[in-house]
Amino acid sequence: MSRTNGYGGSRANLAWIAVDWGTSNLRVWLLGEDGDILDRRTSDAGMAALKPDAFEAALLALVEDALPRRGTLPVVCCGMAGARQGWAEAAYLSVPAAPPDLTHATTVATADDRLDVRLLPGLKQARPADVMRGEETQIGGVLTAEPGFDGVVCLPGTHSKWAQVSAGEVVSFRTFMTGELFALLTGHSVLRHTIGATGWDDGAFEVALSEGLSHPARLTGGLFGLRAEALLNDLAPETARARLSGLLIGMELAGARPYWLGQAVTIVGEGTLARRYGKALEAQGIVPKMLDAEAVTLGGLARARLAATERTA
């Protein structure tokens, strides 16, 4: 469990709690009414590690010291807490749809009556079949940061999303398992003997990116080629790592071409992975806008809370 600031403020300053519940991690923000972040807290109590009856305890482990002694505190959750295997199922909304707000949320019964927990739903698409949980709230944050946004939102990650957004709605989207494939190949395939855990080679990434984008059908041959080059030509582990990333992201861009070609693209993310996607698009003549993932997540959760308040006022 991690607490960045160590909550020392008055309980009276705390207006609500924002929660992003991922598969592997739980992220919580303690917020004032004006949106000020009073504290950030994280733990490894992701959905995959919990049974439905363990979610409340996992949340309380992070926030109980900040809860009011009397009364209830709003808790707005996006992500996997609303999955079928989560705290309680929050049924998907069908696209086209605006990012959901609390009028669409599922209320969870809690043993601690100080918690008023609402789970935001994800979005679903019938053809091609696809779903998202959590990213729809980040898209809401993009719309908060850029009112009137019309274009494509790219959300890199374990399961990367490309979403077409127009007139305040998610019109369509597509998911690519690029990050999960990278993890599986480096940890559980023959390439685990070849791919370095650290290090990087920009030139190798760019060459492999072009290859993956231009010839996605050759991917599996290119993957084994990494192993063969390591055996025959002493391919450096850091170069193999960069090439693997380039091949996989290039293949993703080939599949997502209808989403980025000739479009205004905003990438949501921070750090190395977001920069790699940015570099990949720039190589195709697309100059994406970059938005911080934490900022748009909080913006989306605040938007969901505010929209419900305005709608019921």
Side-chain angles (χ1 to χ4, degrees), residues 1-7 9 11 13-43 45-47 55 58-59 62-63 66-67 73-82 86-87 90 98-106 115-123 132-149 153-157 161 163 165 168 170 266-271 273-274 289-311:
M1 181 170 66
S2 171
R3 301 184 181 189
T4 56
N5 299 331
Y7 186 67
R11 284 180 167 89
N13 296 330
L14 181 61
W16 64 292
I17 296 175
V19 178
D20 179 13
W21 217 310
T23 301
S24 303
N25 297 287
L26 166 60
R27 296 193 298 165
V28 168
W29 296 267
L30 307 182
L31 299 166
E33 191 59 59
D34 57 2
D36 285 350
I37 300 173
L38 305 177
D39 201 4
R40 299 172 175 85
R41 300 179 177 188
T42 62
S43 79
M47 182 272 290
F55 278 77
L59 179 61
L62 285 182
V63 306
L67 293 179
L73 194 71
V75 180
V76 184
C77 301
C78 69
M80 299 305 292
W87 196 342
D101 61 43
L102 293 192
T103 61
H104 308 106
T106 296
L115 297 173
D116 177 14
V117 178
R118 312 293 180 90
L119 308 181
L120 293 171
L123 298 181
M132 67 167 68
R133 279 200 187 274
E135 293 90 355
E136 75 295 322
T137 301
Q138 292 184 311
I139 293 170
V142 172
L143 291 170
T144 298
E146 301 184 33
F149 175 83
V153 180
C154 171
L155 304 110
K161 308 281 185 182
V165 179
V170 178
T266 291
I267 296 176
V268 171
E270 65 272 314
L273 184 60
K289 184 168 185 176
M290 311 288 286
L291 290 180
D292 178 73
E294 180 188 55
V296 298
T297 301
L298 282 175
L301 287 164
R303 176 190 179 96
R305 177 172 177 255
L306 179 63
T309 301
E310 293 176 340
R311 193 173 297 181

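How far CZ of R41 is from CG of L26: 11.5 Å, rounded to the nearest 0.5 Å. Atoms CG and CD1, from L31 and I37 in turn, are 6.5 Å apart once rounded to the nearest 0.5 Å. Distance CG/D292 to CD1/I267: 13.5 Å, rounded to 0.5 Å. To the nearest 0.5 Å, atoms CH2 (W16) and CG (L73) are separated by 10.5 Å. Rounding to the nearest 0.5 angstrom, the gap separating the CG atom in L306 from the CG atom in D101 is 9.5 Å. M290 CE to C154 SG: the interatomic distance, rounded to the nearest 0.5 Å, is 8.5 Å.
Legend: residues meeting side-chain hydrogen bond (donor to acceptor under 3.5 Å, both in side chains) with E270, ordered by chain and number and at least two apart, are absent. Checked against side-chain hydrogen bond (donor to acceptor under 3.5 Å, both in side chains), D116 has the following partners two or more places apart in sequence or in another chain: R118. In this structure W21 satisfies the ring-ring contact (aromatic ring centres under 6.0 Å, His included) test together with F55, W87, sequence neighbours excluded.
Considering every non-hydrogen atom in both P74 and A15, the closest pair reads CD-O, 3.5 Å. Contact detail for L14 and A66: the closest heavy-atom pair is CD2-O, 3.3 Å. Looking at every heavy atom in both residues, T297 comes nearest to T137 through O-CG2, 4.1 Å. In terms of heavy atoms, P156 sits closest to V268 at CD-O, 3.3 Å. Nearest heavy-atom pair, E135 versus M132, reported as atom, atom and distance to 0.1 Å: OE1-CB, 3.5 Å. Looking at every heavy atom in both residues, P100 comes nearest to L120 through O-CD2, 4.0 Å.
I17 is listed as a side-chain neighbour of L30, based on a closest heavy-atom distance under 4.5 Å. With a 4.5 Å cut-off on side-chain heavy atoms, L143 and V165 count as touching.
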Take V75 and V28 through the test side-chain contact (heavy atoms from CB on, under 4.5 Å) and record every step on the way to the result.
-> CA-CA 10 Å; V75 180; V28 168; over 6 Å; no
Trace of the side-chain contact (heavy atoms from CB on, under 4.5 Å) decision for L291 with E146 = CA-CA 10 Å; L291 290 180; E146 301 184 33; 3.6 Å; yes
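At a threshold of 4.0 Å, the pair E136-R303 does not count as salt-bridged, since none of the basic side-chain nitrogens sits closer than that to a carboxylate oxygen.
Side-chain N or O atoms of R133 include one that pairs as donor or acceptor with a backbone N or O of A90 at under 3.5 Å.
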